[in-house]
Peer 1: 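One structure, pasted below without further comment.
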2 protein chains.
Amino acid sequence: MTKPRSRRGGGRPTIADVARKAGVGAITVSRALREPGRVSEDLRRQIQAAVDELGYLPDPNARALASARAEVFGVLVPSLTNSVFAEVLRGIYDSLSDSSYRIQFGNTHYSGLEEERLLQVFGPQRPAALIVAGIDQTPISRRLLETAGCPVVQVMETGPDPVDMMVGFSHFDGGRAATEHMIEMGYRRIGFIGARMDPRSQRRLAGYRAAMEAAGLFDARLVTTTPVPSSVTLGRELFRDALAKVPTLDGVFCNNDDIALGALFECHRASIAVPKTIGITGFNDLDMMEVAFPSVTSVRTPRYEIGRLSVAMALAAIAGKRPQDPVVDLGFELKCRESTSR
Amino acid sequence: MTKPRSRRGGGRPTIADVARKAGVGAITVSRALREPGRVSEDLRRQIQAAVDELGYLPDPNARALASARAEVFGVLVPSLTNSVFAEVLRGIYDSLSDSSYRIQFGNTHYSGLEEERLLQVFGPQRPAALIVAGIDQTPISRRLLETAGCPVVQVMETGPDPVDMMVGFSHFDGGRAATEHMIEMGYRRIGFIGARMDPRSQRRLAGYRAAMEAAGLFDARLVTTTPVPSSVTLGRELFRDALAKVPTLDGVFCNNDDIALGALFECHRASIAVPKTIGITGFNDLDMMEVAFPSVTSVRTPRYEIGRLSVAMALAAIAGKRPQDPVVDLGFELKCRESTSR
DNA sequence: GATACAACTGGTAGCGCTACCATGACGTAC
DNA sequence: GTACGTCATGGTAGCGCTACCAGTTGTATC
């Protein structure tokens, strides 16, 4: 019958302790913390004093259970080591760091099945929002997202049919712009080199192909791809393969900067003049592309901005202020540098 | 008085629904799910059937509240874009992906204050384990870790006084080994170039200094550092600074591979022969160092393995099987390549 | 046949918080 | 003065799950 003082909880102060100390009801403490405007100035101060004195911190688990809503953002990316996603994550993180939201992340490893599994894990927790990379979810994933009961932002790409909201840019246009630039600079036998070949890479390839066909330059033998994960080492190998296949190659549009760097290093090693004999273009415009020798032309993609904006949109949606246009195209910028200026 | 059917929860099946359908008590369902061994074969099958039929998924928030333990690993790293931490995260992730643990991460931005704040956010949630980068926590952070009531693994470095467990290697030894190698190869005026200069960088510098002093080669003017975050671009600038300061420079030990790459590119640009005129050594051995031209000597660090092992140790501790030695040194490996072979 | 013990199962009572509804104290309008 | 809204506050009843303890059954032991 005597109060069985908190047998499980490690004896941390609870909202009831604060309420007792402040001489108010527990619910008033709860309100003072979550909606200060709805509690009188006086009580608010009193409660704050009690909170400070006891060192009270609300239990997020109890909160989540009672309100059927966890203060958690779920983030699903296909890779952690790909610095592109690392920057998206950084943008997400920075935009959330002064809120009380926590971030939970999942690595889909470019697998639709894994994505489904992760959504199944994230869902029951009732996250405040979900941010997922890509727009090619499986039907099951789509349904899971649609029924998640929280704002959903698909990032990295834009497309016609958002689950809820989208922030990204057109990989097709990026690929096309890069290729058109090389054609303009006088390159003719321009190869495409790509690894991993996820949906976004596929669309860059499609953009490349569109540009090449429009110029009457397309030749299937110019395309060298592999499903193997991308790396600088692999870039070097693929470049060698491409050159062996088409000795007249005079340029390469690389699916990403790692591949481009591998190609560049191989050119150095084989004493192939860049940009004179062979032009090189990358994708993403990592920091090092500008510093490389010669500096490498690349498509600058707004990765960090995608992260930031996706959070801003999710936060707005949580607050009930949905954007008029749920799809935001942040564009890209072609950075023309030495590696294609002959 | 009539059952007010689940007014908040979106009508998902609860453990009570499963229990009713299976004709058992709720607690038995709970046990069948968490400790199958303690429930008879018969009931287990019956319960599983009910679970499958209803599509029941336990509510992690309710679980966390009732058991005072969330199935969450908290991970604190100082940076997301530094690929070193990205690989640690990947290791952590891969080791946890077939468990039901979720991963919550925090970015301390190399700030002790921010680390304290994050621990304060993570703590009340009662995570299953905490993994934090570094061993130089502030006294407040240390206390928060000690009182977290869960296994704690400090990663990246080893040291004498773990909060709980540690997995890493000696940055001092790594810095010394790299420097000794350069001395052995005949370099004399070997500079140290470092950005960010977090505690680990400081220890690499100390290792460099120890090696240089032991050989009677140390000269304070050889050291060029900045608190600015590291990047390839910055590496190039620092290298130029170092060379301007000490024109007789014949080698550089770079605090990390980004810096080394910046130095290498600058050598190309300025037609400085590597390794003949100047030798270059990096730290971490990113994939690209082997492919670079010339390939770059670097200290290979077990980043992915650190992530994996930290989880393995935490999981063992959760299961009550603490390792006999709470500190594991995974070592490093000096990769000698063209950039220092003159 | 009584006793002891293990193996299994269930009831009860919370975990710490918030949704919902009720209450009382004020205004304001008529 | 009565009716009605608004504001500030509180009580009650869960949210969905598990810790704790109790009860039941079956089996081994003497």
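Heavy atoms only: backbone and side chains are in, while hydrogens, waters and symmetry mates are out.
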Peer 1: In whole Å, what is the span from the CD atom of Gln46(B) to the C1' atom of dT9(C)?
Peer 2: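 Roughly 13 Å, once rounded to whole Å.
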
Peer 1: How long is the line joining CD of Glu71(A) and P of dT18(C), in whole Å?
Peer 2: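 The answer, rounded to whole Å, is 9 Å.
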
Peer 1: Does Arg38(B) have a side-chain nitrogen or oxygen under 4.0 Å from the phosphate oxygens OP1 or OP2 of dA7(C)?
Peer 2: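 For dA7(C), OP1/OP2 do not have a side-chain N/O of Arg38(B) under 4.0 Å.
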
Peer 1: Are a donor atom and an acceptor atom from the side chains of Thr138(A) and Glu115(A) found within less than 3.5 Å of each other?
Peer 2: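 Glu115(A) and Thr138(A) do not have a side-chain donor-acceptor pair below 3.5 Å.
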
Peer 1: Tell me whether the side-chain N/O atoms of Thr14(B) come closer than 4.0 Å to OP1 or OP2 in dC15(D).
Peer 2: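 Checking dC15(D) against Thr14(B), no side-chain N or O comes under 4.0 Å of OP1 or OP2.
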
Peer 1: Out of dT18(C), dC17(C), dT9(D), which has the shortest distance to the side chain of Ser30(A)?
Peer 2: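 Among dT18(C), dC17(C), dT9(D), the one nearest the side chain of Ser30(A) is dT18(C).
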
Peer 1: Which comes earlier along DNA chain C counting from the 5' end, the contact point of Gly25(B) or that of Ala62(B), where each point is its nearest nucleotide?
Peer 2: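 Here Gly25(B) is the residue nearer the 5' end.
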
Peer 1: Return the value, rounded to whole Å, for the distance between atom CG of Asp59(B) and atom C1' of dC15(D).
Peer 2: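 From Asp59(B) CG to dC15(D) C1': 8 Å.
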
Peer 1: Asp52(B) vs Gln48(B), test: side-chain hydrogen bond (donor to acceptor under 3.5 Å, both in side chains). Steps then yes/no.
Peer 2: CA-CA 6 Å; Asp52(B) 291 342; Gln48(B) 190 54 53; 3.0 Å; yes

Peer 1: Looking at dC17(C), I'd like to know if its phosphate oxygens (OP1 or OP2) sit under 4.0 Å from a side-chain N or O belonging to Ser67(A).
Peer 2: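 Negative; the distance criterion is not met.
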
Peer 1: Expressed in angstrom and rounded to an integer, what is the separation of Arg63(A) atom CZ from dC15(C) atom C1'?
Peer 2: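 Going from Arg63(A) (CZ) to dC15(C) (C1'), I get 16 Å.
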
Peer 1: Can you tell me which nucleotide in dT18(D), dC17(C), dG16(D) comes closest to the side chain of Ile27(B)?
Peer 2: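 Given the options dT18(D), dC17(C), dG16(D), the side chain of Ile27(B) is closest to dT18(D).
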
Peer 1: CZ of Arg69(A) versus C1' of dC17(C): gap in Å, rounded?
Peer 2: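 In whole Å, dC17(C) C1' and Arg69(A) CZ are 16 Å from each other.
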
Peer 1: Begin with the C-alpha distance, continue with both residues' side-chain angles, and end with the deciding distance and a verdict on salt bridge (charged side-chain N to carboxylate O under 4.0 Å, His left out) for Arg142(B) and Asp161(B).
Peer 2: CA-CA 11 Å; Arg142(B) 249 195 106 88; Asp161(B) 189 22; 3.5 Å; yes

Peer 1: Compare the minimum distances between each of dT18(C), dA19(D), dG14(C) and the side chain of Arg34(A), then state the nucleotide with the smallest one.
Peer 2: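 The listed nucleotide nearest to Arg34(A)'s side chain is dT18(C).
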
Peer 1: Does any part of the side chain of Gln104(B), heavy atoms only, come nearer than 4.5 Å to the side chain of Val75(B), both counted from C-beta?
Peer 2: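 Result no, sub-4.5 Å side-chain heavy-atom pair not found.
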
Peer 1: What is the distance, rounded to the nearest whole Å, between atom CZ of Arg126(A) and atom C1' of dC15(D)?
Peer 2: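 Answer to the nearest Å: 9 Å.
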
Peer 1: Assert yes or no for the condition that the ring centre distance of Phe73(B) to Phe105(B) is strictly below 6.0 Å.
Peer 2: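 No, ring centres 6.0 Å or more apart.
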
Peer 1: Counting side-chain heavy atoms from CB outward, which of dT18(C), dC17(D), dC17(C) is closest to Pro58(B)?
Peer 2: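 Closest nucleotide among those given: dC17(D).
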
Peer 1: Is there a donor N/O on one and an acceptor N/O on the other, under 3.5 Å, for the side chain of Arg31(A) and the base of dG10(D)?
Peer 2: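 Such a pair exists between side chain and base.
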
Peer 1: Please tell me if Thr28(B) has a side-chain N or O lying less than 4.0 Å from either OP1 or OP2 of dG10(C).
Peer 2: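 Yes, Thr28(B) has a side-chain N/O under 4.0 Å of OP1/OP2 on dG10(C).
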
Peer 1: Between P on dT9(D) and CG on Leu43(A), what's the gap in Å once rounded to a whole number?
Peer 2: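 Checked: the CG to P distance equals 4 Å.
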
Peer 1: Can you check the Glu41(A) CD to dC7(D) C1' distance for me, whole Å?
Peer 2: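 Those two atoms, CD and C1', are 16 Å apart.
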
